[in-house]
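In what follows, chains are A, B, ... by sequence order, proteins preceding strands, each numbered from 1.
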Protein chains: 2
Amino acid sequence: MKLTPVMEKYILHWGEMGTRWGVNRTVAQIHALLYLSENPLNAEEITETLGVARSNVSTSIKELQSWKLVKNEPQLGDRREHFATMKDPWELFYAIMEGRKQRELDPTMSVLRECVLESEADKSTPEEVKQRMKDVLEFMEILDTWHAQIKGLPKSTLLKLIKLGAKVKNFLTKK
Amino acid sequence: MKLTPVMEKYILHWGEMGTRWGVNRTVAQIHALLYLSENPLNAEEITETLGVARSNVSTSIKELQSWKLVKNEPQLGDRREHFATMKDPWELFYAIMEGRKQRELDPTMSVLRECVLESEADKSTPEEVKQRMKDVLEFMEILDTWHAQIKGLPKSTLLKLIKLGAKVKNFLTKK
DNA sequence: CATTAATTTCTGTAAAAACAGAAACTAACC
DNA sequence: GGTTAGTTTCTGTTTTTACAGAAATTAATG
């Protein structure tokens, strides 16, 4: 696939940003490429367009699939696998949120619960310290509940809500 | 400072999580230590407690300060600098959000604007591709506006809002 | 303003991550 | 069932990042 200068700029920047949040350059670049692309691409096309090793593409696609950001899109009359990503930024955002929750929030909450539990029969740890661990856990549980509820809302509702912005506090006080 | 087993567990886990979101182990560990600690700690104490080099502590503290997660807390009758972090998870969360916005959202929006601008006089890039760049930019602008408004709200309002959760849609439809 | 405590910056090394290329594997088709 | 196209896994190299220790800098105190 032929890249125009703007497309290249977009993809290169996306690649750099990827490294900021724990996904490597190639993974992020592939995602950007698929996002811009009109139609699904096969691994070979990705390899050529981005100038990376075929094996690297394979690994990166798997990574993107684990984030549910890329799906297979079989093409009639072509054995090769073709890949595409969602075009709606909201959906992408949701998927990334979900992925981060699973990779960051969930394991941390689980360790925190262990800590809180272990600290109950623990004479050596000061009460204030135990309390602080509980505070973090509680905070994360709030985030978690909120996330679960938000997830179920249709995009349109969410958009309204966000657009409402700070005015939302009027609703709350009126209630 | 003496660590009890639970504290150690907490700090070690936090260190691991740190690596997931672009901050290195030591930085995250120091933050966790300061969070649990009753009182501000000086660099030497941090060094001893965590078993890392003094220079490493210095660099990491600077990093934490750049995130506004750690502040100096001078102690009477002690020349050495003492460091502390906020104890309120909400404040921590805000600071991290703000930091991420500055490091991730802002530069990306700026590149995106350039892309959209450059693509106007660009015959080679397909319209659909240009549109997709605009879509991402628009999405990020919504996030950005939302963030700015939320930032101004008192914590109590935000808490109410989050606790309200999915029920919030009732307010919207009624309106 | 010299002395010493405290901190930061610099430099080299160790550890981790990203990646290319090769080898191994899988499955479609003749 | 052999052949070929397609894909994944493995292995070694390169690049990047984290870090310790030393050197340099800063600032407080007598």
Side-chain angles (χ1 to χ4, degrees), chain A residues 1 11-34 40-67 70-84 103-104, chain B residues 1 11-34 40-67 70-84 103-104:
Chain A
M1 191 192 175
I11 290 169
L12 287 176
H13 176 78
W14 213 253
E16 285 321 301
M17 287 321 298
T19 62
R20 294 249 173 139
W21 60 278
V23 98
N24 72 48
R25 196 170 17 252
T26 312
V27 170
Q29 282 183 357
I30 291 178
H31 183 262
L33 172 62
L34 291 176
L41 300 177
N42 64 50
E44 189 55 30
E45 288 172 303
I46 298 173
T47 301
E48 281 166 13
T49 312
L50 297 180
V52 294
R54 178 67 186 74
S55 56
N56 195 3
V57 171
S58 174
T59 315
S60 301
I61 289 279
K62 284 198 92 176
E63 171 84 5
L64 284 168
Q65 285 171 332
S66 85
W67 282 88
V70 160
K71 48 188 184 303
N72 285 35
E73 207 101 313
Q75 301 294 95
L76 267 170
D78 194 336
R79 295 170 50 172
R80 291 170 298 180
E81 295 201 84
H82 289 249
F83 308 100
R103 280 154 234 241
E104 296 169 29
Chain B
M1 190 191 175
I11 291 169
L12 288 176
H13 176 77
W14 213 254
E16 285 321 300
M17 287 323 296
T19 63
R20 292 249 172 141
W21 60 278
V23 98
N24 72 48
R25 196 172 15 252
T26 311
V27 170
Q29 282 183 358
I30 292 179
H31 184 261
L33 172 61
L34 291 176
L41 300 177
N42 63 50
E44 189 54 31
E45 289 172 305
I46 298 173
T47 301
E48 281 166 13
T49 312
L50 297 180
V52 294
R54 177 67 187 71
S55 57
N56 195 3
V57 171
S58 176
T59 316
S60 302
I61 290 278
K62 285 197 92 176
E63 171 83 6
L64 285 168
Q65 285 172 331
S66 84
W67 282 88
V70 159
K71 48 189 185 305
N72 286 35
E73 207 100 314
Q75 300 294 93
L76 266 169
D78 195 337
R79 299 170 45 171
R80 292 169 298 182
E81 295 201 85
H82 288 249
F83 308 100
R103 281 152 233 241
E104 296 168 28

Might you point out which heavy atoms bring B:Leu34 and B:Phe83 nearest each other, and give the distance in Å?
CD2-O, 3.4 Å
Need to verify one output field. Residue with the more 5' nearest nucleotide on DNA chain C, B:Glu81 or A:Ser60?
B:Glu81
State, to 0.1 Å, how close A:Met17 and B:Glu104 come at their nearest heavy-atom pair, and which atoms those are.
CE-CA, 3.3 Å
With heavy atoms under 4.0 Å as the rule, sort A:Glu44 into base, sugar-phosphate or nothing.
nothing
OP1, OP2 of D:dC19 versus side-chain N and O of B:Asn24: anything below 4.0 Å?
yes
Just the rounded figure in Å: distance from C1' of D:dC19 to CD1 of B:Ile46.
16 Å
In whole angstroms, how far is the C1' atom of D:dA5 from the NE2 atom of A:His82?
13 Å
Reading DNA chain C in the 5' to 3' direction, which nucleotide is the first one with an atom under 4.0 Å from a heavy atom of chain B, and which is the last?
C:dA5 to C:dT9
Closest heavy-atom contact between B:Thr26 and B:Asn24?
N-OD1, 3.1 Å
How long is the line joining CG of A:Asn72 and C1' of D:dG6, in whole Å?
13 Å
Judged by atom type as modelled, is there a donor-acceptor pair below 3.5 Å linking the side chain of B:Glu45 to the main-chain atoms of B:Asn42?
yes
Shortest non-hydrogen contact between B:Ile30 and B:Ile46, atoms and distance
CG1-CG2, 3.8 Å
After noting the C-alpha distance and the side-chain angles of A:Ile61 and A:Gln65, does the key distance pass the side-chain contact (heavy atoms from CB on, under 4.5 Å) rule?
CA-CA 6 Å; A:Ile61 289 279; A:Gln65 285 171 332; 3.8 Å; yes
Could you note down all residue pairs passing salt bridge (charged side-chain N to carboxylate O under 4.0 Å, His left out) where residues 50-65 of chain A supplies at least one of them, sequence neighbours left out?
none
Does CZ in A:Arg103 sit with more than 12 non-hydrogen atoms of other residues, nucleotides or ligands closer than 6.0 Å?
yes
To the nearest Å, give me how far apart CD (A:Gln75) and P (D:dG6) are.
14 Å
Expected rows: protein N/O vs nucleotides 25-30 of chain D N/O, under 3.5 Å:
none

Please determine if a side-chain N or O atom of B:Thr26 lies less than 4.0 Å away from the OP1 or OP2 oxygen of D:dC19.
yes
On DNA chain D, does the nearest nucleotide to A:Thr19 precede the nearest nucleotide to A:Lys62 from the 5' side, or the other way round? Give the residue.
A:Lys62
Distance in angstrom units between A:Asn56 CG and D:dG12 P, rounded
19 Å
Grab the CZ-P distance between A:Arg54 and D:dT8 for me, whole Å please.
7 Å
Which heavy atom of B:Ala53 sits nearest to which heavy atom of B:Thr47, and what is that distance?
C-CG2, 4.2 Å
A:Leu41 CG to D:dT7 P, in whole Å, measures 13 Å
